[in-house]
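Take a look at the structure set out below.
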Amino acid sequence: MRKVHRRSLTLAVASLALVAGAMAGTAVAGGAAPLERAAATNSVSAASSITTWTGGNVRTGPGTDYGVAYTVGANQSLSGVCWLEGGHVSDSSGIAHNKWVRLSDGNYIWGGLLKGNETGGVSAHC
């Protein structure tokens with residue numbers, strides 16, 4: 001009986017050690033996971049719907065010296081990620097500034113083409 005009791009005790013101690021090790025591993029992974037989730041959430045939540053008020057060019061970089069990726073029409077919905085200062089643009093309606101919005105596809109649109117403020121309502125700075 002003693003051998004069975006010791007074996008049971010040994011198995012119980014070994015099981016506790018495995019559980020404790022697993023919990024420690026989970027605690028470490030759990031500590032990192034919220035940061036990873038926060039980063040993923042921030043990048044997703046940073047994207048906001050923006051709408052053009054007039055047609056214009058979407059460019060490969062934040063300035064008119066970058067190539068045209070494609071053109072957009074008036075009232076077109078896009079997904080803006082963040083905004084930054086880029087090349088200064090002045091248009092014929094008197095709008096002039098250097099705010100560019102990075103789109104979710106990696107291209108840029110000048111904020112003067114967007115409804116709302118100079119960044120089309122995108123609040124995150126790149």
Side-chain angles (χ1 to χ4, degrees):
M1 288 280 282
R2 236 180 212 287
K3 287 186 177 181
V4 172
H5 182 63
R6 282 188 184 171
R7 181 173 289 193
S8 296
L9 185 58
T10 303
L11 288 174
V13 170
S15 296
L16 284 172
L18 287 173
V19 170
M23 289 175 69
T26 302
V28 171
L35 293 177
E36 292 167 7
R37 277 194 300 264
T41 301
N42 287 342
S43 66
V44 171
S45 67
S48 54
S49 180
I50 55 176
T51 305
T52 58
W53 72 271
T54 188
N57 294 324
V58 173
R59 297 189 173 267
T60 58
T64 56
D65 53 334
Y66 290 89
V68 175
Y70 52 92
T71 59
V72 292
N75 297 310
Q76 186 164 342
S77 292
L78 302 166
S79 181
V81 176
C82 58
W83 67 271
L84 68 155
E85 293 85 3
H88 192 272
V89 178
S90 297
D91 75 2
S92 58
S93 66
I95 299 172
H97 61 78
N98 66 343
K99 307 295 189 298
W100 291 78
V101 175
R102 187 175 70 189
L103 303 174
S104 60
D105 65 6
N107 291 305
Y108 295 82
I109 189 166
W110 178 58
L113 301 175
L114 304 174
K115 291 182 178 182
N117 62 12
E118 293 178 335
T119 63
V122 175
S123 59
H125 192 273
C126 297

Worksheet item: Are Trp100 and Val89 side-chain neighbours, meaning at least one heavy-atom pair lies under 4.5 Å?
Response: yes

Worksheet, complete the sentence: Heavy-atom closest pair (Lys115 atom, Thr52 atom, distance to 0.1 Å) is CE-O, 3.6 Å

Practice prompt. Determine whether Glu118 and Ile95 make a side-chain contact, defined as any pair of heavy atoms from C-beta on separated by less than 4.5 Å.
Written response: no

Discussion item. For a 4.5 angstrom cut-off between non-hydrogen side-chain atoms, does Tyr108 reach Leu84?
Written reply: yes

Discussion item. Is any side-chain heavy atom of Trp83 closer than 4.5 Å to one of His125?
Written reply: yes

Practice prompt. Check Thr119 against Val122 and note the closest heavy-atom contact, atom names and distance.
Written response: OG1-O, 2.9 Å

Worksheet item: At their closest point, which heavy atom of Leu114 faces which heavy atom of Ile109, and how far apart are they?
Response: CD2-CD1, 4.0 Å

Worksheet entry | For Ala74 against Trp53, the heavy-atom pair lying closest together | CB-O, 3.7 Å

Practice prompt. Taking all heavy atoms of Gly120 and all of Ile50, pick out the closest pair and write down the distance.
Written response: O-CG2, 3.4 Å

Discussion item. Which heavy atom of Asp91 sits nearest to which heavy atom of Ser93, and what is that distance?
Written reply: OD1-OG, 2.8 Å

Worksheet item: Would a hydrophobic clustering, with Ile, Leu, Val, Met, Phe, Trp and Tyr connected at side-chain separations under 4.5 Å, put Tyr70 with Tyr66?
Response: no

Discussion item. Are Arg59 and Trp110 packed together at the side-chain level, in the sense that at least one heavy-atom pair is separated by less than 4.5 angstrom?
Written reply: no

Worksheet item: Between NE2 of His88 and NE2 of His97, what distance do you get to the nearest 0.5 Å?
Response: 8.0 Å

